[in-house]
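Worksheet: the structure to be examined is printed underneath.
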Amino acid sequence: MRQLLVTSALPYANGPIHIGHLVEYLQTDIWVRFQKMSGNRCTYICADDTHGTAITIRAQAEGRSEEELIAEVSEAHQRDFSGFGIEFDHYGSTNSEESRAVCHEIWTALRKADMIKEEEIDQLFDTEKGVFLADRFVRGTCPNCGSTDQPGDNCDKCNATYSPADLIDPVSTLSGTTPEIRSAKHLFVQIEKLHGFLNDWTQSGTLPSESANYLKNFFLNEPLRDWDISRPGPYFGFEIPDSPGNYWYVWYDAPIGYIGTTKQWCDANGEKLDDWWKSENTEVHHFIGKDIQYFHTLFWPAMLKTAGFSLPTKVHIHGFLTVDGEKMSKSRGTFIEAAKYLDHLDPSYLRYYYATRLSSRVEDLDLNPEEFVSKINSDLVGKVVNLASRTAKFIQNVGLSSEYPDDGGLFETFAAKGSDISEAYEAGDFSKAMRMIMELADQANPFVENNAPWELRKDESKAQELQDVCTVSLNLFRTLAIYLAPVLPELAIKAGELLGEELTSWDQAQKPLTGSAVNKFKHMMQRVDPAKIEAMIEESKQVETTSTTAPLFEDSGDALAATPLGEEITIDDFLKPDLRVARIIEANEVPEARKLIQLTLSLGGDETRNVFAGIKSAYEPGELVGRLVVMVANLAPRKMKFGVSEGMIIASGPGGKDIFLLSPDEGAVPGQRVG
RNA sequence: GGGGCUGUAGCUCAGUGGUUAGAGCAGGGGACUCAUAAUCCCUUGGUCGUCGGUUCAAGUCCGACCGGCCCUACCA
């Protein structure tokens, strides 16, 4: 029996889990379930990654403490994971005393090995917010090509790289102010000292070959740069004990969270940490995305090596999720949050679909909605579940044959395939495993077809034959359910309920089940309704502005400066104007007027108002009809050159083309009071 | 700019240098009725991105080019 410690990358505590994240967690969960079914001792550890500037910014924006924010996000993350059947042995947080202790331990080892060096570096400082600015929080003009609105580290237009201090006219995206250059002490890990070790380790088969090649040709072909692992305070994280005022950069403590969280699990389960992280008997497996591979394959092994922890046995690296061949997009509705998915669809669908697309290679994976529907409906419902649903009821009363009948070697074929499928799972080639399983399923249905149980049951003298055919069919189904169990734990449970036997071990596929009762068949999986996918995508389009990872808005103060705030008023003053939601039901040009459009506004029912609005310069009558606006409904009617105006609609902007009508959000009804 | 990966049927993908390049889905035709319009049988469909090289033999190995995705260290 092997002993395995498995991790998925720690999700950042700043935003919800989406279907892109799930590629990794489902991949890991499938692998872990496979290991457990195969009889290995396997512990699956994960945690929220909670430190860094982005957390502070979001907490501030929401007016609460970082701790409050990360507690809430952690709860949401765990709810999402559990909704998809992802079973961690323990889910922790990098903001824990256990993690802090391991950070200290590794730090001490790095100091002792003389791996740390100090250096003053220039960085942009936001004087209003009182923080140093990471590159992504600065925008300015590229010093190389002069393109405006470029990030602080490299230019999107000309690809030049530079230091944020070189940026022309830099602006802090946090406050909109001009940051100043300040010098600060930073601590660096000199991983170049482990260059030789990393050369060997990265090429030793622990990584997919494409990653090994990438590291070899991109990082390891020149001296490794020192790794800046400290940030001056204020910073949400752990303060460095021998360097007060400086904090460990979030990427220092994030992977350490793997160990800290394992420690928590050990303490709760009477285990020793050293048995899991400092023992040759335990394999350590990391599952990560290709974007963070250099952290896990250079910095992380360097730290582990220095501090005497186990090195990863294998780093499993996956690509990114695309939807319909394109990056997930909020405006297209393909940025689908886990919780949103669960509102509409069965998690089994996604588990299976991803399994059919995952391999051991570092490849992007595309989610194609039509293929998604057809794979679930034809593979799972049509081929696999159908085997049970078309035969179970024929032998509900008599159960399975007491001896396994002659099936022409089918069961044997199924059982023999177990080791190949097992190998594919082990290697992470889930798509290959799924293909082999479906090839088996393709042999099972013709068996039923050729033996036509629906004919046999018409003839009482063929009762035994009927029982035998169904026994074979259900056993083939059972084998498929076992092979699919890591991917579809729910199906395995339901199959087990049908046959009165829990399917928990890979080896069960080697021996047919005979002589036992067969329970009443219940639907095991719904067909996918494409309308539900559409609904999910449609709803995802509307959550566009939630869950931003950083303030993306850089609104200028010009408008406010041009029109300063008015004198303070009381609530009674505010309630004087009666603002109502109204629908424009008619809009006409007023030929003689330069600025006016004539509008007929409906307040619901038969209530209408005739209003002349000075918006001709910005709107066409045609585009106005039907839309909802906000009107001042109790404004005294005013006689104008072209008729009486019975109110006013509300808009902002200086005039001319820049007039912006206010619209109520979806759901508002004409006649409703605004207040 | 540098680097990694990738290009095979309408779609998604298999294809350890060795017959005439395969599967699933989709398309076409038929059968069946036990099953969630599920299943079964038959069938249409390909200059393996392009050009060149190595080889008795290339989808497979090598090179160049064209297209796509991704990474490029202080965003996590």
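Reminder, nothing fancy here: chain letters follow the sequence lines and each chain counts from 1. Quick caveat: nothing in here was measured; it's all calculated off a predicted structure.
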key: Considering all heavy atoms, the nearest Glu371(A)-Tyr353(A) contact   = OE1-OH, 2.9 Å
request  = Select base, sugar-phosphate, or nothing to describe what Val381(A) touches, counting heavy atoms under 4.0 Å on all strands.
outcome  = base
task = Using a 4.0 Å heavy-atom cut-off across all strands, classify Met524(A) as base, sugar-phosphate, or nothing.
result = base
task = Using a heavy-atom cut-off of under 4.0 Å over every strand shown, decide if Lys393(A) touches base, sugar-phosphate, or nothing.
result = sugar-phosphate
key: Nearest-Å distance for atom pair CG/P, residues Asp253(A) and A76(B)   = 11 Å
task = By nearest nucleotide on RNA chain B, pick out whichever of Tyr214(A) and Asn445(A) is the more 5' one.
result = Asn445(A)
ask   = Distance check: side-chain N/O of Asn221(A) vs OP1/OP2 of G3(B), anything under 4.0 Å?
value = no
request  = Grab the CG-C1' distance between Asn377(A) and A26(B) for me, whole Å please.
outcome  = 14 Å
ask   = Side-chain N or O of Tyr294(A) less than 4.0 angstrom from OP1 or OP2 on C74(B)?
value = yes
key: Per Glu222(A) side chain, nearest of listed nucleotides A73(B), C5(B), A38(B)   = A73(B)
Counterpart base for A9(B), defined by Watson-Crick or G-U wobble contacts under 3.5 Å = none
Minimal non-hydrogen separation, Ile19(A) against Tyr354(A), with atom names = O-OH, 2.7 Å
ask   = Where the side chain of Asn368(A) is concerned, which of A76(B), C74(B), C11(B) is the nearest nucleotide?
value = C11(B)
task = Before giving the answer on side-chain contact (heavy atoms from CB on, under 4.5 Å), spell out for Ser211(A) and Lys290(A) the whole-Å C-alpha distance, their side-chain angles and the decisive distance to 0.1 Å.
result = CA-CA 8 Å; Ser211(A) 291; Lys290(A) 63 182 179 182; over 6 Å; no
ask   = Would Leu365(A) and Phe320(A) count as a side-chain contact (heavy atoms from CB on, under 4.5 Å) if you check the C-alpha gap in whole Å, the side-chain angles of each, and the deciding distance to 0.1 Å?
value = CA-CA 6 Å; Leu365(A) 172 165; Phe320(A) 296 148; over 6 Å; no
Inter-nucleotide C1' distance (G28(B), C71(B)), Å rounded = 46 Å
query = From the list C74(B), A76(B), G24(B), which nucleotide is the closest neighbour of the side chain of Trp251(A)?
reply = A76(B)
request  = Kindly point out which of U12(B), A76(B), C34(B) is positioned nearest to the side chain of Tyr235(A)?
outcome  = A76(B)
remark   = Side-chain contact check for Asp291(A): nearest option of A76(B), G24(B), A73(B) is A76(B)
ask   = Roughly how many Å is it from CZ in Phe132(A) to P in C75(B), rounded to a whole number?
value = 16 Å
ask   = Mind checking the C1' distance from A21(B) to A14(B)? Whole angstroms is fine.
value = 11 Å
request  = Determine the contact category for Asp49(A): base if any of its heavy atoms lies under 4.0 Å from a base atom, sugar-phosphate if only primed atoms, P, OP1 or OP2 are that close, otherwise nothing.
outcome  = sugar-phosphate
Shortest side-chain distance from Phe320(A), nucleotide among C71(B), C13(B), C25(B) = C71(B)
remark   = Side-chain atoms of Asp442(A) come closest, of G24(B), A76(B), C70(B), to G24(B)
query = Among the nucleotides A73(B), C25(B), C13(B), which one has an atom lying closest to any side-chain atom of Arg357(A)?
reply = C13(B)
note = Assign each of Val362(A) and Trp454(A) the nucleotide of RNA chain B bearing its closest heavy atom; nearer the 5' end lies the nucleotide of Val362(A)
query = So do Asn368(A) and Phe372(A) actually touch side chain to side chain, heavy atoms under 4.5 Å?
reply = no
query = OP1, OP2 of A38(B) versus side-chain N and O of Arg390(A): anything below 4.0 Å?
reply = no
ask   = Looking for any heavy atom pair under 4.0 Å, which part of the strands does Pro453(A) touch: base, sugar-phosphate only, or nothing?
value = nothing
ask   = Roughly how far apart, to the nearest Å, are G49(B) and G68(B) at atom C1'?
value = 11 Å
request  = Quote, to the nearest angstrom, the C1' distance that separates U43(B) from G22(B).
outcome  = 16 Å
message = Between U36(B) and U44(B), how many Å separate the two P atoms, rounded to a whole number?
response = 33 Å
request  = To the nearest Å, give me how far apart NZ (Lys383(A)) and C1' (A37(B)) are.
outcome  = 17 Å
Atom CD of Glu222(A): over 12 foreign heavy atoms under 6.0 Å = yes
request  = Would you say whether His523(A) stacks on U36(B)? The test is a distance between ring centres of less than 5.5 Å and an angle between planes of less than 30°.
outcome  = yes
inquiry  = Taking only the C1' atom of each, what is the distance from U8(B) to U50(B) in whole angstrom?
reply    = 15 Å
ask   = So what's C61(B) paired with, Watson-Crick or G-U wobble, going by both distances under 3.5 Å?
value = G53(B)
task = Look at the side-chain N and O atoms of Tyr353(A) and state whether any lies under 4.0 Å from the OP1 or OP2 oxygen of U12(B).
result = no
Of the listed nucleotides A35(B), A73(B), C74(B), the one nearest the side chain of Phe295(A) = C74(B)
inquiry  = Please report the distance separating the P of C25(B) from the corresponding atom of U39(B), rounded so that it comes out in whole Å.
reply    = 8 Å
ask   = Taking atom types as they are modelled, is there a donor-acceptor pair under 3.5 Å from the base of A14(B) to the side chain of Arg435(A)?
value = no
query = Distance-only, no hydrogens or angles: does the Thr479(A) side chain make a donor-acceptor pair with backbone N or O of Asn475(A) under 3.5 Å?
reply = yes
inquiry  = As a test of reading the structure: which of A35(B), U72(B), U36(B) is closest to the side chain of Val385(A), going by heavy atoms?
reply    = U36(B)
query = Between Asp253(A) (side chain) and Gly237(A) (backbone), is there a donor-acceptor pair under 3.5 Å?
reply = no
message = Just to be sure I understand the rule, does Gly52(A) reach a base, reach only the sugar-phosphate, or reach nothing, if contact means heavy atoms closer than 4.0 Å?
response = nothing
key: For C40(B), the Watson-Crick or wobble counterpart (both distances under 3.5 Å)   = G30(B)
message = What contact category does Met438(A) fall into here, base, sugar-phosphate, or nothing, at under 4.0 angstrom with non-hydrogen atoms?
response = nothing
Nucleotide opposite G1(B) in a Watson-Crick or G-U pair, distances under 3.5 Å = U72(B)
ask   = Taking atom C1' in both U16(B) and C61(B), what distance in whole Å separates the two?
value = 13 Å
